Novice: 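I am attaching a structure below and will ask some questions about it afterwards.
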Amino acid sequence: NAGVTQTPKFRVLKTGQSMTLLCAQDMNHEYMYWYRQDPGMGLRLIHYSVGEGTTAKGEVPDGYNVSRLKKQNFLLGLESAAPSQTSVYFCASSSLTSTATHFGNGTRLTVT
Amino acid sequence: DQQVKQNSPSLSVQEGRISILNCDYTNSMFDYFLWYKKYPAEGPTFLISISSIKDKNEDGRFTVFLNKSAKHLSLHIVPSQPGDSAVYFCAASGLSGGGADGLTFGKGTHLIIQP
């Protein structure tokens, strides 16, 4: 049982490049989330999804897009990376009845 | 404006003693509170939670207390062990548990357990 798996673990981009972060969960959870964590900050919600085919904006959605074509996968896209998007990105999932949100181990993204 | 505040960036406690981590919140719509523990290069892991209808929840060495009138919660770890050294995040939700709308996190407190 892998839980929440994120790929890649590390990535370096040049300003203006695009990329997609992949997240997969094997717990059959309904809800999935993307957070970012910056130094000295807590995690901030970028986008979330309450089910397959649905997405919604979180606290800091600008510059990101997401898709949830399958229940177990949640993709985070950066169309034109900026240095301000240098951060650690965490994917998470939770179920309708759980009190806990389960997190992946993060993707460290650097934009130069 | 921060809705969940952890005012102590770090806390040092001797092994075997009690660790008390504090958290304040401003949004009275929050009805579920959670504590997460995070080691370097790993994702946060769930520790313990409490519903706003309760004032205490206990799980082994971990107890969370909620003072709703003061909008304050605390995490007590007794006794503190070396493996407890980590960053602890307080988080809040407007719905039950993780909810549909995600969690609002504090900035974290780095707990250091001294041998």
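All of these numbers come straight from a predicted model, not from anything done at the bench. We name chains A, B, ... by the order of the sequence lines, and we start the count at 1 in each one.
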Novice: Taking ring-ring contact (aromatic ring centres under 6.0 Å, His included) as the criterion, tell me which of B/F46, B/Y36, B/Y39 meets it with A/F103.
Specialist: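 Result: among B/F46, B/Y36, B/Y39, B/Y36 is the only option passing the ring-ring contact (aromatic ring centres under 6.0 Å, His included) with A/F103.
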Novice: Applying a strict under-4.5 Å side-chain criterion to I, L, V, M, F, W and Y, I'd like to know whether A/M32 and A/V60 cluster together.
Specialist: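 Looking at the clustering, A/V60 is in the same group as A/M32.
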Novice: Counting only heavy atoms not in B/K68, do more than 12 sit closer than 6.0 Å to its NZ atom?
Specialist: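 Open: at most 12 neighbouring heavy atoms sit under 6.0 Å from NZ of B/K68.
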Novice: Where do A/F90 and B/E42 come nearest, in terms of heavy atoms and distance?
Specialist: CE2-O, 3.8 Å
Novice: Counting only non-hydrogen atoms closer than 4.5 Å, can you tell me which residues of residues 104-115 of chain B sit against chain A?
Specialist: B/F105, B/G106, B/K107
Novice: Is there a path from B/F65 to B/I20 through hydrophobic residues (I, L, V, M, F, W, Y) whose side chains come within less than 4.5 Å of each other?
Specialist: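 No, B/F65 and B/I20 fall in different hydrophobic clusters.
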Novice: Same hydrophobic cluster for A/V50 and A/Y64, using side-chain heavy-atom links shorter than 4.5 Å among ILVMFWY?
Specialist: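 Shared cluster, no.
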Novice: Could you report the tightest heavy-atom contact between A/Q37 and B/F89, atom names first, then the distance?
Specialist: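 Here A/Q37 and B/F89 meet closest at NE2-CZ, 3.3 Å.
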Novice: A quick test of your reading: do over 12 heavy atoms of other residues, nucleotides or ligands sit less than 6.0 Å from CZ of A/R44?
Specialist: yes
Novice: Using side-chain heavy atoms (C-beta onward) and a distance below 4.5 Å, is B/L103 in contact with A/Y33?
Specialist: no
Novice: Tell me, side chain or backbone of B/A41 under 4.5 Å from chain A's heavy atoms, or both, or neither?
Specialist: backbone
Novice: Are B/Y88 and A/L43 connected in a single hydrophobic cluster, I mean Ile/Leu/Val/Met/Phe/Trp/Tyr linked by side-chain heavy atoms less than 4.5 Å apart?
Specialist: no
Novice: Using heavy-atom distances under 4.5 Å, tell me whether A/L45 contacts chain B through its side chain, its backbone, both, or neither.
Specialist: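 The side chain, not the backbone.
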Novice: Show the nearest heavy-atom pair for residues B/L34 and A/A100, with the distance to one decimal.
Specialist: CD2-CA, 4.4 Å
Novice: Mind ranking B/K38, B/Q2, B/Q6 by heavy-atom pairs under 4.5 Å with chain A and telling me who comes out on top?
Specialist: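 The candidate making the most pairs under 4.5 Å is B/K38.
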Novice: When clusters are formed by joining ILVMFWY residues with side-chain heavy atoms under 4.5 Å apart, either directly or through shared neighbours, do B/I50 and B/V4 land in the same one?
Specialist: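 Same cluster.
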Novice: Taking all heavy atoms of B/G43 and all of A/N105, pick out the closest pair and write down the distance.
Specialist: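 The answer is N-OD1, 3.1 Å.
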Novice: If you look only at pairs with a residue in residues 12-22 of chain B, which of them pass as a salt bridge (Lys or Arg N to Asp or Glu O under 4.0 Å), with sequence neighbours excluded?
Specialist: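 Those involving residues 12-22 of chain B do not exist here.
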